[in-house]
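Bear in mind the structure is a predicted one, so any value in this text is a computation, not a measurement.
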Amino acid sequence: MAGVSATAALEARQRDPRAAAEMGRSALKAARAAGDAEEASIAERAIGLSLRELHDFDGALRHLRRSIRVAERAGSRRLAALARVSLAFVLSNTGRHTQALRAINTALPELRGGDADIARMQRGLVLHYLCRYEEAQREYNWAIDAARRTDDKLGEARARNNRGLLRAYTGGLRAADEDFDRAAALYRELDQGLAVADVRWNAGISASRAGDVPRALTMFAEAEREYRRLAVPRPALLINRLELLVSVPLLEEARAAADRALEELGGDLVLARSEALFHRARIALLEGDLDRAVELAVAARKGFRRERREVWEAGARHVELRAAYLSGQRTRALVTALTKVASRLHALGWRMAALEARVDAALVARDLGDRARAVAELATAGAARRGGPAAHRVQGWYAEALRRDLLGNARGAQSALRRGLELLDEYRVSLGAPELRALSGAQGKALAREGLRTAVEGGQAARVLSWAEAWRAGALRMTPARPPEDSGLADALAELRAVTADLEGASTAGRPTAALRQRQVRGEQRVRDLTRQASGGGAVFKPPAVDDLARALGSAALVEYIDHDGALLAVVVAGGRASLHRLGPLDGALRELRLLRFALHRLVTLPERVDRTAVRAGAAHAAGLLQARLLGPLHRRLGDRPLVLAPTGGLGGLPWAALPACRGRSVTVVPSATVWLRAATSDLASHSDRAVLAAGPRLPAAPTEIEAVARLAGSASVLVGAAATVDAVASAMDGAPLAHVAAHGSFRADNPLFSALELADGPLTVYDLERLRTPPARVVLSACDSGLSAVRPGDELMGFTAALLGLGTRTLVAPVIPVPADVTTPLMVDLHRRLDAGEPPAVALAGAQEAHREDGDAAFAASAGFLCFGA
């Protein structure tokens, strides 16, 4: 690097900071040898700023302080001042804002022209960190105007990037994007690749704050690719992704990311650590762990106070106050504190947190009997319904509904609640990934709860059903969106399968697996990121009226179970009318369900020589208790009609065929009445007349089962052994009239979309199914737990059931408990014999279960574990 100048090193730091640091060291060595102190000062500054890009803050501060000393010894007040400006930049990065502001204020009198403009832009950044937003924007505006007058493209790009980020945090989202677009164009023109990545990341923050999750993820992914290419660490950027995860909310992933951030962010990254504590507090709050939320929020608030970051401190205080509200505290002091923090958050640009705080203040005031104060606060919050991001408008409609209710306008309140939920549906359908659609439904909880409360108080079954359906399984009411073919998802899934196969082989052979597990985690994250970047669109199916359901049901009865603040309700639609029933605490049913599942699992897995009498009695007792709770009070309405059951929450894993009243009876299980009606009236046309029958590996009974079913299925594609690869099975399933897969199954509670069927070359996951253009009309899965779903707020299902029904499959038959293939094969063959004879799926399954009930305890338990989902 002989002959490299210090100025060239300084200019290169945002193209390739590692190379720039080496250039700076070479220039510093040459300057020292030549006795050129000014060149040495510039070289020290170039090294310091390059190390800052590499997150070596101690090294950066050391070299920048040297740059100041060398310049002062050389008598160059200008270079000393420029080094102080750079020092201020790094001091602010490490939370020492007062020192940073002092350094810049010391430097400014020594600078003129473009140098002064750079310093003012840097001063704006320090003020930005200090949440003095109006002053910061004035400095950025000055720097941009000055840079444009002198055609200083680099100066303009830096100031626009900073101003864009400020605007993103204070609500000027459209203006922020304009700044980012201009900054990125300038940086590209100057060949500043790292700086372009930083702008892209900031644009992701802006998109996140606007609620545009796919765009935010795309921006983050583009930036991350550039950071990896340049081998530049950006640990603090975990925080921006974390904010996005919490906003959806992707709580499991957010919790893991926050805990990782708290482990990795320390030392000089104090700003990021305080923010990680803040977001971890928000996660605890959303999960209902109020004591933990307060503990973390207090720690975050103390950090923000030390760092003099007022808006963040107010945000942490809001978490503390919201935890107090949720814990049941109702005092006038709490109303005052919530109102004060709401006003402060709104003034500082944190509009969503301000809305939540103001609504909480109103609810506390309402509960204390201060109706006038509550109405006033809700009127202020309700104004948000008229503009801004979707989340703000949804919250605004919630506030307006509460205000109308307090003023006695019940009909207007209901209308406002429905408008809020409709708006949320419009936002959710814009998210392409089914996962994001399902999880973002949590944002409608308050509206749905309020609507259901008023409906239950009114006692009208049709209104209760209408409100239950307005929020229930909303993601499955939307036209499915699939990732684009060129997204790279197919390659990512193939790579993940290969890693999973290698991991399985290493584990079986007793070889080390740590590195492979890390590759698997990274592969799963890449698949998630690719699917989440897809934009959505399409229609939202509206909940049906009782008359429409009654016509479609015919002689059958629908029972929709509803969790109403821990109380279990049921709405029955039968004989052309709806009725409402109160069934007691939900906790009791969930406890009895756990006992039944445990007993059935024991019956399946106990060795033949072990006496099963006590276990059989336990299963019968639990089944009797569940029947008495869930069906007994409804007996007069249900009679012996065929049943369509829409369970709530954890009841989705109930093996209904184990209940005495369901033996031999047609029982169909659905996520919601809307989903059932859509499936029952679907005209899904198969573009193939060949069924697909596939057997997975390491399951000796699977090929036998497939061979037996093939003799009944007519024209079929039979895939066994090495032929049963993921691509082959998925391709054959696309548009097939029937798909039957006999394979080992695994349900992933941590991430239900990675639940899998084991095929010849690895797992076929829910993500693979979501890529089908046309789903199979009927699907039978004889794999363990393949009918299980994870349940999220709003009774949103995630797993094979949700994926297939969401895509349009009419019927899925699958077990919700572990089932041994050698025991279930006779049941599966009998099921297909009955289907071939023309029996409807639920009737065929019930008949097959009853016929094999006396084949032994294991056969009884396994057959009872199968459900017919859909229609």
Side-chain angles (χ1 to χ4, degrees), residues 248-249 251 286 359 385 390-391 393-402 405 413-431 434-458 460-479 536 539-546 549 558-571 573 578 580 586 646-652 670-678 789-798 802 805-806:
V248 171
L251 287 185
L286 289 168
V359 170
R385 71 190 186 277
R393 286 179 285 150
V394 169
Q395 187 74 358
W397 279 111
Y398 175 55
E400 176 63 10
L402 294 173
D405 186 62
Q414 294 280 300
S415 175
L417 291 170
R418 289 197 182 277
R419 181 66 192 110
L421 286 175
E422 288 168 2
L423 185 61
L424 180 60
D425 278 346
E426 290 170 16
Y427 164 67
R428 292 171 71 191
V429 83
S430 72
L431 304 174
E435 175 190 24
L436 296 181
R437 287 179 172 181
L439 294 172
S440 60
Q443 298 175 26
K445 182 176 182 179
L447 289 94
R449 209 178 201 172
E450 183 68 15
L452 185 61
R453 179 188 65 78
T454 57
V456 171
E457 287 176 357
Q460 295 180 20
R463 282 187 61 208
V464 172
L465 181 63
S466 174
W467 270 106
E469 287 287 308
W471 189 46
R472 189 185 190 112
L476 296 182
R477 292 191 282 109
M478 298 172 185
T479 305
V540 180
F541 296 90
K542 300 298 182 184
V546 168
L549 286 171
L558 179 140
V559 184
E560 182 148 318
Y561 294 95
I562 301 164
D563 175 6
H564 178 53
D565 292 334
L568 186 61
L569 308 178
V571 174
V573 179
L580 176 64
L586 176 60
T648 183
L651 294 179
V670 292
S672 72
T674 309
V675 174
W676 174 79
L677 185 63
R678 180 183 169 193
S789 296
V791 185
R792 298 295 184 259
D795 285 327
E796 296 287 358
L797 302 187
M798 296 178 68
L805 294 181

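Heavy atoms only, all atoms of each residue included: Pro647 and Val670 are closest at CD-O, 3.5 Å. Heavy-atom minimum distance, Ala578 versus Ala462: CB-N, 4.4 Å. Of all the heavy atoms in Val559 and Ala570, the pair that sits closest is CG1-CB, 4.1 Å. Residue Pro249 comes nearest to Leu286 through the heavy atom pair CB-CD1, 4.4 Å, listed as atom of the first residue, atom of the second, then distance. Of all heavy-atom pairs spanning Arg428 and Gly441, the tightest one is CZ-CA, 3.4 Å. Closest approach of Pro543 to Thr674, counting heavy atoms only: CA-OG1, 3.5 Å.
Applying the side chain to side chain contact (heavy atoms under 4.5 Å, CB included) criterion to Arg453, with sequence neighbours excluded, gives Asp405, Glu450, Glu457, His564. Partners of Arg792 by salt bridge (charged side-chain N to carboxylate O under 4.0 Å, His left out), not counting sequence neighbours, listed by chain and number: Glu252. Partners of Arg419 by side chain to side chain contact (heavy atoms under 4.5 Å, CB included), not counting sequence neighbours, listed by chain and number: Trp397, Glu422, Leu423, Glu426.
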* To do: Show your working on side chain to side chain contact (heavy atoms under 4.5 Å, CB included) between Leu549 and Leu677 and close with a plain yes or no.
  => CA-CA 7 Å; Leu549 286 171; Leu677 185 63; 4.3 Å; yes
* Starting from the C-alpha separation in whole Å, work towards a yes-or-no answer on side chain to side chain contact (heavy atoms under 4.5 Å, CB included) for Gln443 and Tyr427. => CA-CA 11 Å; Gln443 298 175 26; Tyr427 164 67; 4.2 Å; yes
* **Criterion side chain to side chain contact (heavy atoms under 4.5 Å, CB included) on Ser440 and Leu431, from CA distance to verdict** => CA-CA 9 Å; Ser440 60; Leu431 304 174; 3.8 Å; yes
* Trp467/Leu421 under side chain to side chain contact (heavy atoms under 4.5 Å, CB included): CA gap, chis, key distance, verdict -> CA-CA 10 Å; Trp467 270 106; Leu421 286 175; 3.5 Å; yes
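Although no hydrogens or angles enter the test, the distance criterion places no donor-acceptor pair under 3.5 Å between the side chain of Arg477 and the main chain of Val540. Side chain of Arg437 to backbone of Val429: a donor-acceptor contact under 3.5 angstrom is found. With hydrogens and angles disregarded, no donor-acceptor distance shorter than 3.5 Å links the side chain of Ser672 to the backbone of Glu469.
Taking CD of Gln460 as the reference point, atom OG1 of Thr454 lies at 10.5 Å (rounded to 0.5 Å). In this structure, the separation between CG on Leu805 and CZ on Arg678 is 9.0 Å, given to the nearest 0.5 Å. Of the inter-residue distances, the one linking Arg449 atom CZ with Asp563 atom CG reads 8.5 Å to the nearest 0.5 angstrom. The OG atom of Ser789 sits 11.5 Å away from atom CD of Glu796, with the distance rounded to the nearest 0.5 Å. Rounding to the nearest 0.5 Å places CG of Leu424 at 14.0 Å from NZ of Lys445. Here Asp425 contributes atom CG and Trp471 contributes atom CH2; the two are 12.0 Å apart, rounded to the nearest 0.5 Å.
Side-chain contact check for Thr648 versus Leu569: every heavy-atom pair is 4.5 Å or farther apart. Inter-residue side-chain proximity for Ile562 and Arg472 is flagged as met; some heavy-atom pair is nearer than 4.5 Å. Between Asp795 and Tyr561 the shortest side-chain heavy-atom distance does not fall below 4.5 Å.
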